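Accompanying notes for the structure given below.
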Amino acid sequence: MRVGVIGTGHVGLITCATLAKVGHHVTGSDTDEEKIALLQGGTPPFYEPGLSELVAEQLSSGRLAFTAEIAEAVTDAAMIFISVGTPPRASGEANLLAVEQSATEVARHAQGRCVVVEKSTVPTGTARRLRMAIQRTRPEDIKRFEVASNPEFLREGKAIDDAMEPERILVGADSEWAFQAMREVYDHWIRQGCRYIETDLATAELAKHASNGFLALKISYINALARLCERANADVTKVAEAMRSDSRIGEYFLDAGLGYGGSCFPKDLQAFSHLARQLGYDFSLLDEITKINNEAVEATLDKILDALWNLEDKRIALIGLSFKPETDDVRFAPALTIAKRLVEQGATVVGYDPQAGRTAKAELPEIEIAPNPYEAAEHAHCLVLCTEWEEFRNLDLKKLREIMEYPVVVDGRNAFDPDEMERLGFSIYPMGRPPRLASEEGRTPH
Ligand code: UDX
């Protein structure tokens, strides 16, 4: 099938590459000409494991192309995915201007019968708006256009695996023609037995926010328990272990730590709460999830302050700057919120990240970026682990202990083994577990 994709961000670009991989002819378009030039040369504009290889492979197969001219992507397409950004407005509401503009452009340029698919996360009710935008542009031709909702559930860092082997594909539509076209585009996955769910438009739109809200709820629930464990001298990782073994609760998203960041959860929670209010329902639970998530950052800052007393003359190493491992995305990254607050309080902050050094520096020029974790830690009075990249599990801790000014580690993701850290002479402050203070450091005056 000929497919057009508008917007080549994390969702759009993965959609382009994976649909091309299964045999469709895909043209991705973006208004960012620099990004398109990079993509035409086979370079993705962001880091995602396996993506460079996949894009290069599909470009040379001839099934994938990129253009800065939206018309080129949509003219002959039988299906057009809209995967543009939906940034939050000050009120928390999603700003859907780019979605509306994309729909208008599709209506202007699409020549044949086509399905316009919402891939961006949008509030329920957007499909109706999409159809209105198309109708206003091409009133005489509205019968040629169908609208579908096909939310994307992929995770950054695992995006290709998630797209190639999804746990479900969700499609909302209101005509057999649209459902049939969607089944055709997803035929590869349907034949593999992937769970394929068809609903009406509003249901599909709502299900995406519902999923992200619930996942964020699990994270905030365990983080609230972490605050409780800190007060009760209990261990949240063991509490989580006990909870996980109950299949009704589930194994995942019970890691206490600095909380969630990224381009989805923070924004989607706000947008979902706003949408609920608009629909006349006070879904205050969603606001509580956000509040608890913010508290996780505050709790971490409290630990740093507790360990260091005054910050003005301190050098603090932050390792892991992206919002989660295996990405260079620093949008709503807790590490950067912490860095900002530390800088405001006069500390010198040196960061290291395997991939996100450049994006972090662009976002917060006040931080120094070190080329490796050891240079970040050298002469540091405290090291804060903000993102649990695999590489940090193999750090030479003895060396770290030697080069640091004070042997203080705040473990924002419970990635270090407290027993080992204690043995090596560190004072370690984990999340939701009792701190272990090196003998001298922990001595309480009588
Ligand atoms: C999320 C959803 O998982 C995905 O389905 C949706 O389409 C987009 O949003 P993503 O933001 O890429 O994906 O990352 P995810 O792996 O879900 O992690 C989100 C955040 O939660 C990260 O900051 C992560 O560090 C944090 N997290 C996750 C925790 O703090 N604890 C956990 O137990 C799990």
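One is the number of the first residue; the rest follow in order along the sequence. Here the structure is a predicted model, which means the values were calculated and not measured. Each ligand, and each atom within it, is numbered from 1 in the order the structure gives.
- Electrostatic pairing of Lys303 and Glu230 counts as a salt bridge here, judged by a charged N lying under 4.0 Å from a carboxylate O.
- Residue nearest to atom 24 (C) of ligand 1, selected from Lys324, Arg331, Met431: Lys324 (by heavy-atom distance).
- The Glu156 neighbourhood of ligand 1 comprises atoms 12 (O), with distances under 4.0 Å to a heavy atom of that residue.
- Taking a 4.0 Å cut-off on heavy atoms, Lys208 registers as neighbouring ligand 1.
- Here the closest non-hydrogen pair linking Ala17 and Leu54 is CB-CD2, 3.6 Å.
- Tested against Tyr260 for a ring-ring contact (aromatic ring centres under 6.0 Å, His included), the candidates Phe323, Phe265, Phe332 yield a single pass: Phe265.
- Among protein heavy atoms, atom 11 (O) of ligand 1 sits closest to Phe323 CE1, 3.5 Å.
- Counting heavy atoms under 4.0 Å from ligand 1, residue Leu154 touches it through the backbone alone.
- The N/O atoms of Phe265, backbone and side chain alike, include none that comes under 3.5 Å of an N/O atom in ligand 1.
- Both the sub-6.0 Å distance and the 45° axial angle are not jointly satisfied by Arg183 relative to the ring of Tyr196.
- Close approach of ligand 1 to Arg155 (heavy-atom distance below 4.0 Å) involves ligand atoms 3 (O), 12 (O), 13 (O), 16 (O).
- At the top of the distance list for atom 4 (C) of ligand 1, counting protein heavy atoms only, stands Phe153 O, 3.3 Å.
- No heavy atom of Lys218 sits closer than 4.0 Å to any atom of ligand 1.
- A 4.5 Å side-chain heavy-atom check between Asn293 and Leu269 finds every atom pair outside the cut-off.
- You'll find the side chain of Tyr47 stays beyond 4.5 Å of the side chain of Ser322, heavy atoms only.
- Considering backbone and side-chain atoms alike, Leu254 places an N or O below 3.5 Å from some N or O of ligand 1.
- Which of Ser220, Cys264, Gly261 comes nearest to atom 9 (O) of ligand 1 through a heavy atom is settled by distance: it is Cys264.
- Closest heavy-atom approach to atom 27 (N) of ligand 1 among the candidates Thr327, Thr387, Ile219, Asp255: Ile219.
- Annotation: side chain of Arg315 is in contact with side chain of Glu368 (closest heavy-atom distance under 4.5 Å).
- Residues Ala202 and Thr124 approach most closely at O-OG1, 3.0 Å, considering heavy atoms.
- Residue-to-ligand polar distances keep Gly262 apart from ligand 1: every N/O pair is separated by 3.5 Å or more.
- No side-chain heavy atom of Asp255 sits less than 4.5 Å from a side-chain heavy atom of Ile222.
- Residue contact annotation: Gly257 has no non-hydrogen atom under 4.0 Å from ligand 1.
- Protein heavy atom at the shortest distance from atom 17 (O) of ligand 1 is Phe253 CZ, 3.3 Å.
- Screening Asp417, Asp235, Asp419 for a salt bridge (charged side-chain N to carboxylate O under 4.0 Å, His left out) involving Arg436 leaves a single residue, Asp419.
- Between Phe272 and His209, the ring planes lie parallel to each other; the angle is under 30°, not in the 30° to 60° tilted range.
- Contacts between Arg413 and ligand 1 below 4.0 angstrom, taking non-hydrogen atoms only, involve the side chain exclusively.
- Residue Tyr260 has no nitrogen or oxygen atom sitting less than 3.5 Å from a nitrogen or oxygen atom of ligand 1, judged on distance alone.
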